[in-house]
Amino acid sequence: MNRITIAIDGYSSCGKSTLAKQLAKKLGYSYIDSGAMYRAVALWCLENNAIKNGVPDNEKIISNLENIKIEFRFHPEIQSSQTYLNGYNVEKEIRGMAVSEIVSKISSIKEVRQKMVALQRQFGEDKGVVMDGRDIGSVVFPNAELKLFMTADPTIRAKRRYDELQAKGTEVSMEEIAENLRLRDYEDTTRKENPLIQAADAVVLDNSNLTPEQQFDTAWNLVEQKVSAK
Ligand code: DC
């Protein structure tokens with residue numbers, strides 16, 4: 001079967017990663033969560049006093065970029081890939097609120113983006129990759145064979161994120177989540193460096209009223225068309 005590149009972009013908590021993982025599994029492709037990479041950089045900043053009163057110390061961050069090593073390692077026992085920062089599994093830490101609150105600011109630093117985009121291109125150089133994020137179809141893989149742009153109603157997104165965090169035992173209110181999503185949407189779409197935009201050739205997938213199965217079937221039809229057209 002021809003191997004293609006699948007770019008999935010969209011707002012946060014729109015179900016991008018769920019779909020990306022399902023597609024990668026069915027295709028036998030690798031799945032790369034590009035947001036996890038920015039989250040890992042944000043965690044490094046929190047752990048290394050590179051954020052003062054909520055403001056990133058850009059100089060310190062940029063001069064330390066070569067000391068921030070990010071990898072994904074596949075764990076067969078849980079059938080999922082985990083994010084490693086400088087050799088440590090940080091999958092749990094990068095999903096917490098402390099990281100969520102600062103990550104948009106970190107991801108808007110030009111030099112951070114340059115480094116992450118270069119790494120993402122390396123991860124995808126052999127094709128056979130599903131990558132989700134904000135600028136995958138527009139910047140990282142502008143020639144991706146399939147580009148999906150996912151959206152959903154903001155209230156539905158907040159509820160999904162709430163359920164996800166509750167399941168992990170994180171204490172957080174719906175109001176905090178809704179506010180965090182609103183702020184992240186604003187920052188993601190208005191930042192100067194590679195803002196979230198819908199690539200001209202992306203297919204929009206609004207999953208507000210779709211079950212995960214319906215969403216998968218819609219995406220899978222598109223994948224089959226692209227694979228057979230190659
Ligand atoms: O998808 P996520 O919520 O885990 O992403 C975390 C943050 O990283 C989010 O605020 C936007 C940013 N991000 C980005 O700027 N570019 C990407 N390709 C992926 C994520």
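Start at 1 with the first residue, then count along the sequence. Counting starts at 1 for both ligands and their atoms, following the listed order.
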I'd like to check whether [X] has a polar contact with ligand 1, where a contact means an N/O of the residue lying under 3.5 Å from an N/O of the ligand.
X    : answer
S104 : yes
R113 : yes
R134 : yes
S34  : yes

Which residues pass the ring-ring contact (aromatic ring centres under 6.0 Å, His included) test with Y88, sequence neighbours left out? none
Any atoms of ligand 1 less than 4.0 Å from a non-hydrogen atom of [X]? List them with their elements.
X    : answer
S107 : 12 (C), 15 (O)
R184 : 3 (O), 6 (C), 9 (C), 10 (O)
D135 : 16 (N), 17 (C), 18 (N)
Y38  : 8 (O), 13 (N), 14 (C), 16 (N), 17 (C), 18 (N), 19 (C), 20 (C)

Looking at ligand 1, would M116 count as a contact under a 4.0 Å heavy-atom criterion? no
Does ligand 1 have an atom under 4.0 Å from some heavy atom of Q120? no
Pick, from K105, K16, R39, the option with the minimum heavy-atom distance to atom 4 (O) of ligand 1. R39
When you look for heavy atoms under 4.0 Å from ligand 1, do you find them on the side chain of M131, its backbone, both, or neither? neither
Under 4.0 Å between a side-chain nitrogen and a carboxylate oxygen: does that hold for [X] and [Y]?
X    : Y    : value
E91  : R95  : yes
R39  : D33  : no
E179 : R182 : yes
D185 : R157 : yes

Counting only heavy atoms not in [X], do more than 12 fall under 6.0 Å of its [atom1]?
X    : atom1 : value
K192 : NZ    : no
F141 : CZ    : yes
K127 : NZ    : yes

Do L23 and Y31 come close enough that some side-chain heavy atom pair is under 4.5 Å? no
Quick one: nearest non-hydrogen protein atom to atom 20 (C) of ligand 1, plus distance?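 Residue, atom and distance for the closest contact: G35 CA, 3.5 Å.
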So which heavy atom in the protein is nearest atom 11 (C) of ligand 1, and how far is it from that ligand atom?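 Minimum-distance protein heavy atom for atom 11 (C) of ligand 1 reads D188 OD1, 3.4 Å.
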